[in-house]
Amino acid sequence: MKLKTTELKLADVVRVWDDPPWNSAIVKKITETEVHFFRPYGATGDFSYTAGVICYIGVEEWSVPLSQHLTYEVLERKELK
């Protein structure tokens with residue numbers, strides 16, 4: 001379902017772009033003016049060695065304004081206690 005940023009809830013998993021595999025993010029925080037997202041990601045170096053490749057993992061965080069015009073596809077919603 002597509003929802004406006006004003007309709008998102010904490011812990012919603014949303015699609016942020018179309019290119020898999022790292023195309024989703026989780027709503028981390030909602031303030032009076034912004035929705036804050038985070039997403040884990042993985043990458044490798046551009047070389048290999050006898051043990052394989054070096055793997056890098058991290059977390060990307062960003063925020064967007066609350067808006068009646070900005071929408072996201074909600075992939076998963078759970079009720080928090």
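These numbers come from a predicted model, not from an experiment. Sequence positions, counted from 1, serve as the residue numbers for this chain. We use all heavy atoms of the structure for the numbers below, so side chains are in, but hydrogens, waters and symmetry mates are not.
- In this structure, Phe47 belongs to a hydrophobic cluster whose other members, linked by side-chain heavy atoms under 4.5 Å apart, are Tyr49, Ile54, Tyr56.
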Practice task
Give the C-alpha distance, both sets of side-chain angles, the deciding distance and a yes or no for side-chain contact (heavy atoms from CB on, under 4.5 Å) between His36 and Thr31.
Solution key: CA-CA 8 Å; His36 299 262; Thr31 67; 3.8 Å; yes
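- Note on residues 10-26: pairs passing salt bridge (Lys or Arg N to Asp or Glu O under 4.0 Å), not counting sequence neighbours, are Asp12-Arg77, Arg15-Glu73.
- With sequence neighbours excluded, the residues forming a side-chain hydrogen bond (donor to acceptor under 3.5 Å, both in side chains) with Thr6 are Gln68, listed by chain and number.
- Taking every heavy atom of both residues into account, Ser67 and Thr5 meet most closely at N-OG1, 2.7 Å.
- If you chain together hydrophobic residues whose side chains sit under 4.5 Å apart, Phe37 and Leu3 fall into the same group.
- Side-chain heavy atoms closer than 4.5 Å link hydrophobic residues (I, L, V, M, F, W, Y) into clusters, and following such links, even through other members, never connects Phe38 to Tyr41.
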Exercise for the section: Might you work through the side-chain contact (heavy atoms from CB on, under 4.5 Å) test for Val16 and Tyr72, ending with a clear yes or no? Expected result: CA-CA 7 Å; Val16 290; Tyr72 287 94; 4.0 Å; yes
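- Here Ser63 pairs with Glu34 under the side-chain hydrogen bond (donor to acceptor under 3.5 Å, both in side chains) rule; sequence neighbours left out.
- Residues Leu80 and Leu8 fall within the same hydrophobic cluster, defined by Ile, Leu, Val, Met, Phe, Trp and Tyr side chains chained together at heavy-atom separations under 4.5 Å.
- Nearest heavy atoms, Ser48 versus Val53: CB-CG1, 4.0 Å.
- Clustering ILVMFWY residues whenever any of their side-chain heavy atoms sit less than 4.5 angstrom apart, transitively, puts Ile57 in a cluster other than the one holding Trp62.
- Annotation: ring pair (Phe, Tyr, Trp, His ring centres under 6.0 Å) contacts of Trp22 (sequence neighbours excluded): none.
- Between the OG1 atom of Thr33 and the CG atom of Leu66 there is a distance of 6.5 Å, given to the nearest 0.5 Å.
- From Glu76, atom CD reaches atom CD1 of Ile26 across 8.0 Å, with rounding to the nearest 0.5 Å.
- When the side chains of ILVMFWY residues are joined at heavy-atom separations under 4.5 Å, either directly or via intervening members, Val64 and Val74 end up in a single hydrophobic cluster.
- Sorted by first and then second residue, the pairs that involve residues 46-66 and meet salt bridge (Lys or Arg N to Asp or Glu O under 4.0 Å), not counting sequence neighbours, are Lys28-Glu61, Arg39-Glu60.
- Distance check, rounded to the nearest 0.5 Å: CE of Met1 to CG of Leu75 gives 9.5 Å.
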